[in-house]
Structures are given as C-alpha cells and as structure tokens.
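Since the structure comes first, as structure tokens, the remarks are kept for the end.
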Amino acid sequence: MTISATAVPILKDNYAWLLKDSETGATAIVDPADAKPIIAAIEAAGGRLDMILLTHHHADHTAGTDEVRAHFKCPVVGAAADAHRLPKLDIAVKEGDTVALGNAMGQVIDTPGHTRGQINFFFPEGPVLLSGDTLFSLGCGRLIEGTAGEMFDSLGKLAVLPPNTLVCCGHEYTESNARFALSVDPDNAALKARSAEAAAQRAAGKSTIPSVLSDELAANPFLRAKDVAALADVRGKKDRF
Ligand code: ZN
Ligand code: FE
C-alpha cells in the first residue's frame, strides 16, 4: 500500500481526506471546505501539501480551497465540466485523466447524479476511492442535479473497482443510512452486520469511514439496485424516509 487516506472531520458531518504517498511523502487534501482545521491537520502531518482535489462544487466541499491554496501554494484539481462554479482550477480534469501524487496515479471517474460535474478519484495503489457525495457508506448522494439513470451508471463504475477498495466519502451519514437501508432490506445479514458495526464505531466516538467496497456491495441498497427503476425507487423512498 503506498497511498494512505486519513479523514479530517470538518463542519457538521463532513470529511476532508488527507492522502499521502508513502514512498515520496507527497500529500493531497480532498474537499478542504474549512481551512483552519485542514491547515492544522496538514501541518501536524509534516506541513507538506502538493495538491488539492475537489469532488464537486458544493460549499461543504470547497469553501476553504482558496485559503488552503494560498497557504501551501499548491495546484487545485477539479472537474473541467464545473470549472465555472468551482474555485479557480489550476488543473481541470475529466474521466480518463490521471493525477500524479508522488509515485501514485489517481484516476478521474465522472460520477454525475448528485451534481452534474461530480468526479471521483481512484488510487489503485491504496486501493482508495474518494467518492465525494456519490457513494456513501450504505447510501448515495441525493439527486440534486442529475437523474437516477446517471446515478445508476455512476455507481456501476464504482461497483467494478477492486472489492478491497477503501471508500472515502464526504459525510458521516452511515448510521442514518443504516436505519433507512434496514427498512428496505431487513433480512440482509451483511447489512445487519454493517449497521451493528457502525453503531459500535459511533458509540466509541469513532468514524465509520472509510468503509470497504465489498461491504458496500453486500449491504448498500443503492449499489445493490439492479436497474435504473430500482435505483429510482429506493432513492425516492430514502428522500421520503
Ligand atoms: Zn454535495
Ligand atoms: Fe456534501
């Protein structure tokens, strides 16, 4: 494993992610929405920042970007499709592009659905997925700008990543997602186990994230939806839950 991912809890229930290439010490921060705790976390980790990665334009993922960039003088990477509404990008990317973090290469995956220009980053050297507000543990992002069809295709791209991929998402939503998931899939043993695990993690004051992709494939009702209609149905139920 050459890429490590450490959660930086910010705002109410958001996670920024500190990525480090163990071979070179190169470091990136994903979705730095609150500059002060993020700068402190980076300083505590050695004070090096090579790159800022943005998954999407929402303020709870981007708000601290300019301050963090000014502090560490590093480039900001985000979706070309949303360059007009993201903080000023130094590197605009799209699906199929790669971003180098030291010796590790991150792959850009377009994952529209929650927002039109949402992107995820996948580092095979983890393997680590930065899933933003596309895939949560036991959930997925609300369809604010996109369609169920787009989200279905986006989740399908994530489902085929290596099963041991660590899913580093943008929010600590797992417990409330588990309550909903159990309402639609009450007999799923993997879901019951993951729900109990998350409850124990929260009771101990720990993060439930990252989760492991294989656990999500077994327990996440959005990832398990077999077609667009099934995903639209479960997303609608969650929105009314
Ligand atoms: Zn969002
Ligand atoms: Fe968010």
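Nothing fancy with the numbering, it's 1 onward along the sequence. Start at 1 and go down the list; that is how both ligands and their atoms are numbered. Computed from a prediction, not measured in an experiment: that's the story for all the values here.
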Report task. Taking the Fe ion (ligand 2) as the vertex, measure the angle between atom NE2 in H171 and atom NE2 in H61; round to 10°. Result -> 100°
Query raised in the report: Should the heavy atoms of other residues, nucleotides or ligands under 6.0 Å from CD of E95 be counted, would the total exceed 12?
Result: yes
Report summary line: For D133, the N, O or S atom at the shortest distance from the Fe ion (ligand 2) is OD2
Query - Verdict with reasoning, T165 to V212, per side chain to side chain contact (heavy atoms under 4.5 Å, CB included) - result: CA-CA 6 Å; T165 296; V212 183; over 6 Å; no
Query raised in the report: Is N220 reaching over with its side chain to a backbone N or O of F136, donor-acceptor style, under 3.5 angstrom?
Result: yes
Requested in this report: Give me the ring orientation class for H58 and H56: parallel if the planes are under 30° apart, tilted from 30 to 60°, perpendicular past 60°.
Outcome: perpendicular
Requested in this report: Taking atom CZ of R85 as the centre, report whether more than 12 heavy atoms of other residues, nucleotides or ligands fall under 6.0 Å from it.
Outcome: yes
**Report entry** Identity of the N, O or S atom of D60 lying closest to the Fe ion (ligand 2)
**Finding:** OD2
Query raised in the report: Side chains of N177 and T174: donor-acceptor distance under 3.5 Å anywhere?
Result: no
Query - Check: Q118/T111 side-chain N/O donor and acceptor closer than 3.5 Å - result: no
**Report entry** Under-2.8 Å neighbours of the Zn ion (ligand 1), protein N/O/S atoms only
**Finding:** 4
